[in-house]
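Just so it is clear, the values below take in all heavy atoms, side chains as well, and ignore hydrogens, waters and symmetry mates. Residue numbers start from 1 in every chain, and the chains themselves are labelled A, B, ... in the order their sequence lines are given, proteins ahead of strands.
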Amino acid sequence: MSGNGAVWGRVRCRLRAFPERLAACRAEAVAYGRCVQASTAPGGRLRKDLCAQEFEALRRCFAAAAKDALKGGP
Amino acid sequence: MLPLTRFWLRWRRPPVARIPGRNLGVRKVASGVSPPSSASPRALNIFDRDLKRKQKNWAARQPEPLKFEYLKEEVGSRIADRVHDIARDFPLALDVGCGRGYIAQNLNKETVGKFFQADIAENALKNTLETEIPTVTVLADEEFLPFRENTFNLVVSSLSLHWVNDLPRALEQIHYVLKPDGVFIGAMFGGDTLYELRCSLQLAETEREGGFSPHISPFTAVNDLGHLLGRAGFNTLTVDTDEIQVNYPGMFELMEDLQGMGESNCAWNRKALLHRDTMLAAAAVYQEMYRNEDGSVPATYQIYYMIGWKYHDSQARPAERGSATVSFGELGKINLVSQGKKSQ
């Protein structure tokens, strides 16, 4: 928040669009969440990239939602 | 090494001494004498107080501060309820870490004669809410109260002590400025606050990055709170917990609200960066693990309310051993005795 706050404003704008994009990817988010939650059950062990596939799907959907939002905009 | 120590001590002087006289219209109070039990040489330094002041100033400068301060409003009104519950009026009261003054808003002139409001953020003090009680605003840090001993009948503090570095010392200072038979009523966040956010971030960071760092600041446990109050010299302690659950559309809205409240993390050990991937993963985990039926996600705020009194001769004390006149075995006969009296 130094200077005129231009960079911070841009980043914050991008961040504000996250909830909409996440709402567009409900299925992938649920799949990823279930995978992580399953690892917290007794006997499961959470390690890096345990749910990498689900996360890749979520990230692709997220990026696609961003492109759609850009196209659909003015 | 001696010159270095002297420099360190000077840096720790209360911020009140450094305010230029021209601004704010707040009364400059001379630095009080510090209490005999000062901070240990190895005082804890968990939070960056300078950053916290900047964050609170930023939050108070928002165009719509009331949009974010619903929690402080609610807890402020609950503390005012507790003040009203005490069948007494207080000529002089102090609010430590007042923010925009949510406690004063709910009190009236009969209960409190004059109110001192202290906070580290000057923007918050400039925009205090309307109240009918005459107030004096003071720019002061919770750990370095610039008041003399035995000044106040009542000290209140709402949701600001969880950012204090040396909590024992802050409580001792509060005890110091209280008059004998004065009371301290405080509220601070407890251990279970925002546990959903903490867990989601931990799981997501472990899965995405292989390890995790703390993003939620550490809170006091309820047992420790009782010990701290006792150590500070308070009598007749009461600590009770309350949970407020607020529903948000998602994790990002929760984080934005926390920043708007001025409750962003300012611990020294915080990680400066939160990756976009981790944020996305954490939001997905939060949604899946803690979601309500209508799709919103809850965030729990656990609040500890504490009441402590400063010792005075008039206060009730435990009776001497062996001075009992009635035995516990006769407890069961109390109803019969009172019924007998009524029928007479």
Next item on the list: Would you mind checking which part of B/M279 comes under 4.5 Å of any heavy atom in chain A, side chain (CB onward), backbone (N, CA, C, O), both or neither?
Entry: side chain
Next item on the list: Would you verify whether the NZ or CZ of A/R16 falls within 45 degrees of the ring axis of B/F252 while also being under 6.0 Å from that six-membered ring's centre?
Entry: no
Notebook entry, point to check: A/V36 versus chain B, heavy atoms under 4.5 Å apart: side chain, backbone, both or neither?
Noted result: side chain
Check: Where on B/E207 is there a heavy atom nearer than 4.5 Å to chain A: the side chain, the backbone, both, or neither?
Finding: both
Margin query: Let me confirm one number: the SG-CD distance from B/C199 to A/Q37, rounded to the nearest 0.5 Å.
Written below: 11.5 Å
Checklist line | B/D277 side chain near A/R59 side chain, heavy-atom distance below 4.5 Å | finding: yes
Next item on the list: Sort out for me which of A/S39, A/A31, A/A29, A/C25 touches chain B most, counting heavy-atom pairs under 4.5 Å.
Entry: A/A29
Margin query: To the nearest 0.5 Å, what is the distance between CG on A/L22 and OH on B/Y286?
Written below: 13.5 Å
Item checked: Heavy-atom check, side chain of B/R276 versus side chain of A/F18, under 4.5 Å -> yes
Next item on the list: Take A/R12 and B/Q259 through the test side chain to side chain contact (heavy atoms under 4.5 Å, CB included) and record every step on the way to the result.
Entry: CA-CA 12 Å; A/R12 204 23 84 97; B/Q259 189 182 39; 2.8 Å; yes
Item checked: Interface moiety of B/E209 toward chain A, non-hydrogen atoms closer than 4.5 Å -> backbone
Next item on the list: Give, for atom OH of A/Y32 and atom CG of B/L280, the distance between the pair rounded to the nearest 0.5 Å.
Entry: 8.5 Å
Item checked: Structural part of A/R47 lying under 4.5 Å from a heavy atom of chain B -> backbone
